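Notes follow once the structure below has been shown.
Letters go in sequence order (proteins before strands), and every chain restarts at 1. Note that the structure is predicted; figures quoted are calculated from it, not measured. Computation of the quantities below employed the complete heavy-atom set of this structure, encompassing side-chain atoms and omitting hydrogens, waters and symmetry-equivalent molecules.
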Amino acid sequence: MAWQAEVGTGISRATGYRDLLTKKVAMYTSRHVATVVVNAAGTGYVVGEVATLTHAGAFLDARFEVLTIGGGGSVTSLLIVSNGAFADRFATVAVNVGGTGYAVDDVVEVQGGTSREKGKAVVTTEAAGVVTGVAVFETAGAYSVAPGLTGAATLGIGPSGFAGDDALTLDLTMTGVVPLSANATTASAAGTGLTVDVTLAESGWTVDGRNTNSRDENSLDDEKEVVLVGDATGRTNKPIIGFITWTRTAGIDTRFGISCFGFAAHNPAIAFHLQPIVSPGINTGTGALLTTGSALLYDENEAQEVDFWLTVDDFRVGGAININSGAGATDNGQYMQFHAGLMDGYGTEVEQPYPMLVGASSGLLDINPSVASQSISGIAEQMAPAANNTGWFYYESEGSVWRAIINSQALAELPRDRVMFPMGFPRDEADAGDPDNIVVEGPVETFRDWSRLTRGAPVRSLLPVFSNTQTEHFLWPLNVLQKLDPPTVVDGPKGEVRGFFWVSATDDAAAQIANFSEDIVTHLGVRYRVFHNHVHTARYQYIAIKEDV
Amino acid sequence: MGFTNQLTSSFADLISKLNTFLIAEGWTTHHVPASGEFAARKTPAAVTGTFDIAFALQWDTGTPGVAGIYQFLGAYNAGLQPFDQADDSGSGAQSTTAATLAGQRSVNLTSTPTEFWCFTDAAGTYFHVVVNPSGLDAVHFGAGALALYGDGDITGGEYVYGHRHQDVITTAVAISTGTSILLDGLALDGSFPIPTNMEEIAATIHLESFPNAVASQKWSVNMGAQANRGLDRAGIARGLNVGGFRGGPGVLQWGEFEGNVASGLLPGYPINTWFDDLVTFDISGPVGRMGDVRGVNIKNRVLDDTTVIGSDTWHFFPSFRKYLGTGPLTGTSGHQGIMYKEVP
């Protein structure tokens, strides 16, 4: 389990939509700090100060919060607040044999070694098609066994018009992996001298033979396409997920995004869109991205750095980004959410072989990401416009088909076939003469009292769990439920979304909590980070994601 | 052992066996059959203090069958009748006559119940009883302390419930507001044949110092939202808890999956209760849930079916009388059911 938050200036936030995907892939394929203990306690630290662990092989740094201090500000305990992404990566790349037919900006993937992600290099200079200069590209790989360091073979992977002869070979140096003991840290305030011992664990995803920079989209020829498979320890059916970057042009605006996909199986030898049972969003005949799908929208100002929060374990990945990261008050934030991978199913793997959930906030690609729309909705709300889907889908193993999750279409509060609990409500046995008419919601309804599928004002508020001493927000687990009318044999709960919860933004005095997003809810010592749905800050529009450090 | 299942020959035999079992489980009991009295009390540890689960029965010694059910606080005073104990919740008739007892919180065990099951846990935070009065029927009563959410730092959490099944209706048999079973968010006053005093029949929960509670308020009634929630024995107004077995947030979303021969997956939903602020109409919580009990559709289950989930054995019962597929629904509870965990 790993969590990574990149927030605020001077931090490794996303510097563009492609950079966001690169950082996600780095997080998924690297190792992360699993435990941390104080080695040398240092001096001058204060509680709450953050110590950063970096390394040449850290694509994302680990961060530790000082929990307790002793005399003189010596650190006595730490909490991991970002697990980091550590691996043995390329430190430098240099031309060994230059090949022919290459152009500047060609991207090559280094072959050999054992890795969760092979490293890439980009051509920086060439002479008559012979490569004369290269640079490390994207994550620089995540190796457990490095390739041969002299004359490593390469394979061209971008752009789409790549014309190199694949004879380019490279000389490499590696970063090594961060040591496990006595690592120096950098303090966020006045502390100094803290060193730490760490253990590392795999985040659990491996590129599944597809990690290219050659997709043609909207007159660009180098969009990213990557497929990963999760370790899913203990399971036979592994989760397979994919991402594609894209742009769309709307008048003078350019829109950017990452589409999310799930697969029932994956063959890297055939095209992305020809994979068996790929989730919606791609034309399975032509391979073009559809106008609808599961789109994680980036800001229209691509140069704006974007805060992000990633959660990953070897079953699923997910998280949130704020495409209005410069807003100051988090009530003005614009949060997009995404998830790809397995839910926690309710049966054995034989009974529920593949409880996948794939989705992102937008069901449309070409849409203004900063304006409220029924097409942009979060994982809890699941709103769609009339006759369209949301950007969220689960895989129905019984029918070998992806199903859209929709709590509400066009702001209607009506029962539906496939919903996300607790805001959605499935069809009930409305017939009073039916023996299965055994429950009603009663006078207090989750979906019409303290949350609204109309995006209107709630009828009443849901306060925290009452306590004489502290505020305790109840976290509602998100669950996919299917119930058709008439009922079918495949009806039932389809899975719980691991680590994602609905939470009410109401305090003990029944007031709405201002700027609740990015706050922490703590339960039994575990932290959960709060985000609202896109631009919607009604008190029922919030989720909390477990910081599963 | 936290579970018993025994045959019974009579009302008296049932109470006697229940008494013996609860004593073995560490409960302090009072049992005077000649006076129609039984009580059980336990003070298990809570997160921040101690619960005080205090439960009592009163029956008509001349016509045993219906038992009035009471909740109070503190040790049982053998010098007082079950319905006159200190800090009584106010529900349950102050009577020893069967007909009067049946008009408030009670359970009809009949004079010759056939069999009973009693579920408790190791910590003694509840005892939940199911009785088969005859045929394939089930009636339910019991007491416990809520499994509290959050840090558990509240005063209260103890609950007591009886069972009233609304008969004489032909449709919506399982969701009549004239029924009260477990913590029941659907129980509500109505017009004949539904009683007009469901607040005296529904479950009670000991809760103090909740938002906008009246001075010295100790009790809350768990039922549907209605203004009349009655008074406790001290004449103090009672609060309102909503949610529960048949009607509560989340119940509709989870409570109607049937399970089937193709997919045996059948959710048992928790029985949660929320505090309803009668001034603001806002909801706090959930406060807690009934321990080791779930609501469930028993379309494909019969009385005392068992299923092992993980390493736990769960027992399935109809909420009253399962509809067997033929004839009218009248007198049945459809496919509404309850599952209890057996704690060894």
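Listed in order of number, the residues of residues 449-473 of chain A that approach chain B to under 4.5 Å between heavy atoms are Trp450(A), Arg460(A), Ser461(A), Leu462(A), Leu463(A), Pro464(A), Val465(A), Phe466(A), Ser467(A), Asn468(A), Thr469(A), Gln470(A), Glu472(A). Among the residues in residues 312-329 of chain B, those with a non-hydrogen atom closer than 4.5 angstrom to a non-hydrogen atom of chain A are Tyr323(B), Leu329(B).
For chain A, the nearby part of Pro267(B) is the side chain; its heavy atoms alone come within less than 4.5 Å. For Tyr346(A), the parts lying under 4.5 angstrom from a heavy atom of chain B are both the backbone and the side chain. Residue contact with chain A, scored on non-hydrogen atoms closer than 4.5 Å, involves the backbone of Val296(B) exclusively. In this structure, the portion of Leu186(B) lying under 4.5 Å from any heavy atom of chain A is its side chain and not its backbone. With a 4.5 angstrom heavy-atom cutoff, Asp276(B) touches chain A only via side-chain atoms. Of the two parts of Gln482(A), only the backbone, made up of N, CA, C and O, holds a non-hydrogen atom closer than 4.5 Å to a non-hydrogen atom of chain B. Looking at Ser284(B), both its backbone and its side chain come within 4.5 Å of chain A, counting heavy atoms on both sides. Neither the backbone nor the side chain of Thr170(B) comes within contact range of chain A, judged by heavy atoms closer than 4.5 Å.
The only member of Ile175(B), Val173(B), Thr171(B) that meets side-chain contact (heavy atoms from CB on, under 4.5 Å) when paired with Asn437(A) is Ile175(B).
The side-chain heavy atoms of Lys299(B) and Asp436(A), taken from C-beta on, include a pair separated by under 4.5 Å. Proximity of Pro249(B) to Glu445(A): side-chain heavy atoms (C-beta onward) are nowhere separated by under 4.5 Å.
Summarising the geometry of Glu256(B) relative to Lys483(A), their closest heavy-atom pair is O-CE, 3.2 Å, with the distance given to 0.1 Å.
Other residues, nucleotides and ligands place no more than 12 heavy atoms under 6.0 Å from the CG atom of Leu136(B).
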For Val440(A) and Val251(B), run side-chain contact (heavy atoms from CB on, under 4.5 Å): C-alpha distance rounded to whole Å, both residues' side-chain angles, the deciding distance at 0.1 Å, then the answer.
-> CA-CA 7 Å; Val440(A) 295; Val251(B) 170; over 6 Å; no

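To the nearest 0.5 Å, atoms CD (Gln253(B)) and CZ (Phe425(A)) are separated by 8.5 Å. Between atom OG1 of residue Thr506(A) and atom CD1 of residue Ile283(B) there is a gap of 11.5 Å, rounded to the nearest 0.5 Å.
In terms of non-hydrogen atom pairs under 4.5 Å with chain B, the most contact-rich of Gly347(A), Pro422(A), Ala510(A), Pro493(A) is Pro493(A). Here Gly285(B) is the residue among Gly285(B), Gly334(B), Ser209(B) with the most heavy-atom pairs under 4.5 Å with chain A. Contact tally against chain A (heavy-atom pairs below 4.5 Å) for Phe245(B), Phe275(B), Trp274(B), Tyr269(B): the top residue is Trp274(B). The candidate from Gly250(B), Gly243(B), Gly185(B) with the greatest count of non-hydrogen atom pairs under 4.5 Å with chain A is Gly250(B). Contacts with chain B were tallied for Asn479(A), Asp434(A), Val419(A); Asn479(A) has the most, counting heavy-atom pairs under 4.5 Å.
With Gln336(B) contributing its side chain and Val439(A) its backbone, the two residues share no donor-acceptor pair below 3.5 Å.
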